[in-house]
Number of protein chains: 2
Amino acid sequence: MLSKKTKYGIKALTFLAKQEGNAPVQIETISKSENISRKFLESILLSLRKNGFLGSKKGKGGGYYLLKKPSEIQMVDVMRILEGPIAMVPCVSLNFYEKCSDCPDEASCAVHLLMVKVRDNTLDIFRNTSLADLTN
Amino acid sequence: MLSKKTKYGIKALTFLAKQEGNAPVQIETISKSENISRKFLESILLSLRKNGFLGSKKGKGGGYYLLKKPSEIQMVDVMRILEGPIAMVPCVSLNFYEKCSDCPDEASCAVHLLMVKVRDNTLDIFRNTSLADLTN
DNA sequence: TATAATTCCTATCGATTTAGTAGGATAATA
DNA sequence: TATTATCCTACTAAATCGATAGGAATTATA
């Protein structure tokens, strides 16, 4: 399951991508427009800022804005920051690899084999989809 | 994340598929061979039996056995029973559909759009992979 | 310089899910 | 009848998730 955090994060990025110009948009504005709990969204935007997707400005007229063009923001990077691993199993993850304690040999593991296929395909989609692609 | 339930279930099915003949295999045997908690595996096999993948026999010489040929068992069916929805978001699920409470229009939702792509690809893999394919 | 507006940060909480355990009921075999 | 195995229900500890609370820090503006 995709977490609400990721879902809301993508919606917020999309909202920002749709703005004309690059003026800061307040949390409150996004929260109301996208029906996202204000405080929860706050923490998500904070995390997106700390990871280089967003810039922010404090005080009156402040808010968040995209640091790159939507076409330059790949979904694979967004997913990794918000959701974590792309793979369904740690033993198949490129960026969050962990060995399975129960499995003596990955090469002959049915689950491993199947999940590698899924990861490759999913990765391909996330790599080849930018924020711009989702903003019609 | 793939649940341990699904992971163990697939491993158990693979183990059974590798057997010569169709003689019942005891829970204990699978549990030890695949390093799966005995009691947990018990509940998983029970669920696979109730959903038509396995047959069982009680008493001495009893155990579990496949009801179909491995090549006739599609991973998509296994996944749906053990893991639930294939889709990462309910509003994109074919078999477990649920509307998002926060989203006024699926057609224009970025998350929806992205997750449909992922679902289609993943579904394709699970549909075109049989238990036999995983048993080398 | 005072005030209001806004992000920043840490901590906490309730609900749900997950992985696993316990213990006995039921059925088949010898 | 004794033994072997599955069947079934209920319980539990730990982790995760979604959300909330409350105030600190910073900036714009009157």
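All chains are named by letter (A, B, ...) in the order of the sequence lines, taking the proteins before the strands, and each is independently numbered beginning at 1.
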### Query
Taking CZ from B:F40 and C1' from D:dA13, how many angstroms apart are they, rounded to a whole number?
14 Å
### Task
Measure from the side-chain heavy atoms of B:K58 and tell me the nearest of D:dG18, C:dA27, C:dC9.
C:dA27
### Message
Under a 3.5 Å cutoff, is there a donor and acceptor pairing between the side chains of B:Q74 and B:T129?
### Response
no
### Query
In terms of side-chain heavy atoms of B:I27, which of D:dA19, C:dT7, D:dT6 is nearest?
D:dT6
### Task
Decide if atom CD of A:E106 counts as having more than 12 heavy atoms of other residues, nucleotides or ligands within a radius under 6.0 Å.
yes
### Task
Give A:R38 one of three labels, base, sugar-phosphate or nothing, depending on what nucleic acid heavy atoms sit under 4.0 Å from its own.
base
## Note on the structure
Between B:G61 and A:L2, the residue closer to the 5' end of DNA chain D by nearest nucleotide is B:G61
### Distance (rounded to the nearest 0.5 Å) between A:Y64 OH and A:Q19 CD
15.5 Å
### Query
Taking only side-chain nitrogens and oxygens of A:Y8, does any of them come within less than 4.0 Å of OP1 or OP2 of D:dG18?
no
### Query
For A:K57 and D:dA28, what is the distance between atoms NZ and C1' respectively, to the nearest whole Å?
8 Å
### Contact summary for A:L82 and A:I10, nearest pair of heavy atoms
CD1-N, 4.3 Å
### Message
Pair B:S3, B:E83 - check side chain to side chain donor-acceptor pair (under 3.5 Å), show working.
### Response
CA-CA 7 Å; B:S3 67; B:E83 191 72 7; 2.9 Å; yes
### Task
Could you tell me the separation between the CG atom of B:L46 and the P atom of C:dG24, rounded to a whole number of Å?
19 Å
### Query
Tell me: CE of A:M88 to P of C:dT18, nearest whole Å?
12 Å
### Query
Which is true for A:L45 with a 4.0 Å heavy-atom rule: it touches a base, it touches only sugar-phosphate, or it touches nothing?
nothing
### Task
Taking the side chain as every heavy atom from C-beta outward, state whether A:D102 and B:E34 have any pair of such atoms under 4.5 Å apart.
no
### Message
Counting the atoms with a prime plus P, OP1 and OP2 as sugar-phosphate, which does B:E28 contact under 4.0 Å by heavy atoms, base, sugar-phosphate, or nothing?
### Response
nothing
### Message
On the nucleotide C:dG20, are OP1 or OP2 found under 4.0 Å from the side-chain N or O atoms that B:K5 carries?
### Response
no
### Whole angstrom value for the distance that separates P of D:dT6 from CD1 of B:I44
14 Å
### Message
Expressed as a whole number of angstroms, how long is the span from B:E42:CD to C:dG24:P?
### Response
15 Å
### Query
Can a side chain N or O of A:R49 be found less than 4.0 Å away from OP1 or OP2 on C:dC8?
yes
### Query
Would you say D:dT20 has OP1 or OP2 under 4.0 Å from some side-chain N or O of A:S37?
yes
### Message
Can you tell me if B:S56 touches the phosphate of D:dA5, counting only side-chain N or O atoms and a distance under 4.0 Å to OP1 or OP2?
### Response
no
### Query
Over how many whole Å does the gap from A:K60 atom NZ to D:dA30 atom C1' extend?
9 Å
### Task
Answer with base, sugar-phosphate or nothing: what part of the nucleic acid does B:K39 contact at a heavy-atom distance below 4.0 Å?
base
### Task
Can you tell me the distance, in whole Å, between the CD atom of B:E83 and the C1' atom of C:dT18?
11 Å
### Message
Is it the case that the base of D:dG18 and the side chain of A:K7 share a donor-acceptor contact (distance under 3.5 Å, atom types as modelled)?
### Response
no
### Message
Let's see if you can work this out: which of D:dA19, D:dT6, C:dA28 has an atom nearest to the side-chain heavy atoms of B:Q26?
### Response
D:dT6
